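Scroll down for the structure; my scribbles are underneath it.
Quick note: numbers below take in every heavy atom, side chains included, and nothing from hydrogens, waters or symmetry partners. Since the structure is predicted, the reported quantities are computational estimates derived from the model, not experimental observations.
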Amino acid sequence: MKASHSVLLLHRVNPRIVLAVLCLAALSPSLVVEIPAMADYPNHLARMFILSREAGPHASPFYEVDWELYPNLAMDLLVPQIAKAMSVEHAMRLFLLVSQLLIITGAMALERSVKGQTSLGGFAALAFLYSLPFAWGFVNFEFGLGLALWCIAAALALQEKRWSLRLAVHTASTLVLFMAHFFALGVYGFTIGVHELWRARSRADALPELGGRLLLLGAPTLLLLALMVSSGGSIGGKGTDWLFAYKPLWLFRIMSGFSQTLSAICVVSLVAGIYLLARNGALRFAASGPWLAVGFVLLYILMPSRLFDTSFVDLRIIVAAALIMPAFLNVKFSAREWRLAFAIGAVLITLSNIALVLAVWLPYRAVYADMIESFGRIKKGSTVLIGHSGAGNDPPFNDLTEYPIYNAPVLAVHFADAFVPNLFTAPGKQPVKPRPNYAALDIPYGGPVPVAILSSIAEGTAPAATPRFIRDWPREFDYLYLLGPRISNPLPKLLEEIQSSQRFVLYRVRK
């Protein structure tokens, strides 16, 4: 077949068919892998086990459930209910799958609301489906952001309807997003707010009229926040940090959660494509696109890296913008070859990300199987500490493929009825907390403890500022998981090796 015939054949392929095939490929890792190899996923799964056993005869001996009115509860509210009809593992995988579908379909629905058609949104969603925050297992954020895309689409579709209908839909969207994820609510409010400012400017609305609309749009959120505060709820903690040095880095790291190189290649390719389109006059903003573009840039620059004890907040702005902005862009190709080149580029970016995810996730099935087998060697009702054979950096930028093992030992909370201090129990974010007798040992954030610190404590040479939860770890913990590269037993008089695997060693602490 001649080259010209091949180009013509590819050009005639229906983009909807290509999108559908890519969707199936993109969702395949979540369908075939029992426990996705995402850093936070095992920790969330462990919490789902606790919630599903709440108030029953098999309730956790170390943790209790404490519900308050606060956001970020999407999976906590839904997964235990779904688990009544299936296993907790399957309910959690279903939640992840629905989250991914919400991202894809939400981006497409938003684009249809703005332009009356779908052309870029679905491909952009697939290209970012395994971006850094999603690949690291920020599943509540993924679910909430997918909902936010649908809510923005609904708001824009109803923007010319009567105010009573708009306000009713907006109030329902605010409530759902508040319960799902507070950042998703922020993305929704920011997008709708900027769009309303653009509409007011384009129609030369009077300032009092604009102020009244914005006040009505903000009223449901203000009411929910007032109810939350009055009931004793909160939004995470008080930690806030601006890490401006990382902001340029995130722009190149965003598109892959497992490879800095692949991410940089994808980002550079994407930016180069956008530049060529703009230079040739093929790229035009639609509706409030210019306002939103400037708004997202400013929001990214000004947003803290850690807000309310939630990390990587500014990084999530990039993903939100990548999913929203295609709806406000029009692309007109001057030649079939250009259309084909950009289609192939989008497909290659998506497939390369999917291939990398499968290459990382599939080998972890054996690692997680070994981890679950090791729980059978732990005496029920024990305390378990997580250490690292290296420096224990969080995250390990030198090897992002190691990160999925960091929270896997937390599953001992379920399989061995154990206490593990790294279980996510942040006040205002998760409805699970340690029982009072073990609260002092709890560490809701942070990675494994470096082996050098563990050794110095055991040898009596630890610094005075050693955290309370590990200050006397040889006495207070019964077992130690040492993650990372295999090393010889660092404390042979104190630690007895029970089981080893490719990425961890389980030790019993001699008393």
Show the atom names and distances, to 0.1 Å, of all donor-acceptor pairs under 3.5 Å that link a side chain in residues 279-292 to residues at least two apart or in another chain.
unit_1	atom_1	unit_2	atom_2	d
Asn280	ND2	Leu276	O	2.7
Arg284	NH1	Gly281	O	3.4
Ser288	OG	His195	ND1	2.8

Mind listing the closest non-hydrogen atom pair of Asn140 and Met75 along with its distance? OD1-N, 2.9 Å

With rounding to the nearest 0.5 angstrom, report the CD1 to CG distance, Ile318 to Leu323. 12.0 Å

Report the distance from atom CD1 of Ile82 to atom CE of Met48, rounding to the nearest 0.5 Å. 10.5 Å

Counting only N and O atoms by type, is there a donor-acceptor contact under 3.5 Å from the side chain of Asn43 to the main-chain atoms of Asn422? yes

Ring-plane angle category for Tyr368 and Tyr364, please: parallel below 30°, perpendicular beyond 60°, tilted otherwise. tilted

In chain order, what residues pass the salt bridge (charged side-chain N to carboxylate O under 4.0 Å, His left out) check against Glu142, with sequence neighbours excluded? none

Interatomic spacing from CZ in Arg199 to CD1 in Ile192 - rounded to 0.5 Å: 10.0 Å

Qualifying residues under side chain to side chain donor-acceptor pair (under 3.5 Å), relative to Thr171, sequence neighbours excluded: none

Strictly under 6.0 Å, is that where the ring centroids of His388 and Tyr406 end up? yes

Please examine the side chains of Phe143 and Ile103, heavy atoms only from C-beta on, and report whether any two atoms are closer than 4.5 Å. no

Test of ring centre spacing under 6.0 Å for Tyr41 and Trp136: no

Is a donor from one side chain sitting under 3.5 angstrom from an acceptor on the other, for His90 and Ser87? yes

Heavy atoms, side chains only, cut-off 4.5 Å: are Val410 and Phe424 in contact? no

In Å and rounded to the nearest 0.5 Å, what is the CD1 to CD1 distance from Ile317 to Ile301? 12.0 Å

Give me the atom names and distance for the closest heavy-atom approach of Ala39 to Asn407. O-ND2, 2.9 Å

Residue pairs fulfilling side-chain hydrogen bond (donor to acceptor under 3.5 Å, both in side chains) with at least one residue in residues 351-361, sequence neighbours excluded: none

Classify the ring geometry of Phe141 against Phe183: parallel below 30°, tilted from 30° to 60°, perpendicular beyond 60°. perpendicular

How would you list, by chain and number, every residue that makes a ring pair (Phe, Tyr, Trp, His ring centres under 6.0 Å) with Phe504, sequence neighbours excluded? Tyr481

Without swapping roles, check the side chain of Ser389 against the backbone of Pro485 for a donor-acceptor pair under 3.5 Å. yes

For a 4.5 angstrom cut-off between non-hydrogen side-chain atoms, does Glu89 reach Ile35? no

Presence of salt bridge, Asp370 and Arg503, under 4.0 angstrom: no

For Arg316, what residues pass the salt bridge (charged side-chain N to carboxylate O under 4.0 Å, His left out) criterion, not counting sequence neighbours? none

Can you sort out the partners of Glu34 under salt bridge (charged side-chain N to carboxylate O under 4.0 Å, His left out), two or more places apart, ordered by chain and number? none

Does the pair Leu129 and Val357 meet the rule for a side-chain contact (heavy atoms from CB on, under 4.5 Å), with working shown? CA-CA 11 Å; Leu129 194 61; Val357 168; over 6 Å; no

Closest heavy-atom contact between Pro248 and Ala245? CD-O, 3.5 Å

If the condition is side chain to side chain donor-acceptor pair (under 3.5 Å), which residues does Ser259 pass it with, not counting sequence neighbours? none

Under 3.5 Å donor-acceptor, Asn72 side chain and Phe182 backbone: yes

Val33 to Arg93 - nearest heavy-atom pair and separation: O-NE, 3.3 Å

Do Leu96 and Met38 come within less than 4.5 Å of each other through their side chains, counting heavy atoms only? yes

May I have the step-by-step check of side-chain contact (heavy atoms from CB on, under 4.5 Å) for Ile349 and Met255, ending in yes or no? CA-CA 9 Å; Ile349 288 175; Met255 290 193 71; 3.7 Å; yes

State which residues pass salt bridge (charged side-chain N to carboxylate O under 4.0 Å, His left out) with Asp314; sequence neighbours excluded, sorted by chain then number. Lys247

Step by step, would you call Arg213 with Asp205 a salt bridge (Lys or Arg N to Asp or Glu O under 4.0 Å)? CA-CA 11 Å; Arg213 285 206 304 270; Asp205 290 344; 3.0 Å; yes

Considering non-hydrogen atoms only, spot the tightest contact between Val420 and Pro409 and give its length. CG2-O, 4.0 Å

Please identify each residue that fulfils side chain to side chain donor-acceptor pair (under 3.5 Å) with Tyr300, with sequence neighbours left out. none

Backbone N/O of Ser305 and side chain of Tyr246: donor-acceptor pair under 3.5 Å: no

Residue set satisfying side chain to side chain donor-acceptor pair (under 3.5 Å) with Arg166, at least two apart, ordered chain then number -> Glu196

Using the rule given for side-chain contact (heavy atoms from CB on, under 4.5 Å), can you reason through Phe296 versus Thr191, listing the C-alpha separation, both sets of side-chain angles and the distance that settles it, and then say yes or no? CA-CA 9 Å; Phe296 276 120; Thr191 305; 4.0 Å; yes

Taking every non-hydrogen atom, the tightest pair across Val187 and Ile152: O-CD1, 4.4 Å

Run the numbers on Leu224 and Leu175 for side-chain contact (heavy atoms from CB on, under 4.5 Å), then give the verdict. CA-CA 8 Å; Leu224 284 172; Leu175 177 60; 3.9 Å; yes

Donor-acceptor pairs under 3.5 angstrom involving side-chain atoms of residues 104-115: please list them, not counting sequence neighbours.
unit_1	atom_1	unit_2	atom_2	d
Thr105	OG1	Leu101	O	2.7
Thr105	OG1	Trp150	NE1	3.0
Glu111	OE1	Ser119	N	3.0
Glu111	OE1	Leu120	N	3.2
Glu111	OE1	Gly121	N	2.7
Glu111	OE2	Lys115	NZ	2.8
Glu111	OE2	Ser119	N	3.2
Glu111	OE2	Ser119	OG	3.0
Glu111	OE2	Leu120	N	2.9
Arg112	NH1	Gly116	O	3.4
Ser113	OG	Ala109	O	3.2
Ser113	OG	Ala153	O	2.9
Lys115	NZ	Pro326	O	3.3
Lys115	NZ	Leu329	O	2.5

Roughly how far apart are Met92 CE and His44 NE2, rounded to 0.5 Å? 6.0 Å

Between Ser263 (side chain) and Gln260 (backbone), is there a donor-acceptor pair under 3.5 Å? no

Side chains of Tyr188 and Leu149, heavy atoms from C-beta outward: is any pair under 4.5 Å? no

Do Met371 and Ser501 make a side-chain contact, defined as non-hydrogen atoms from C-beta onward lying under 4.5 Å apart? no

Hey, could you give me the CG/CD1 distance between Leu251 and Ile254, rounded to the nearest 0.5 Å? 8.5 Å

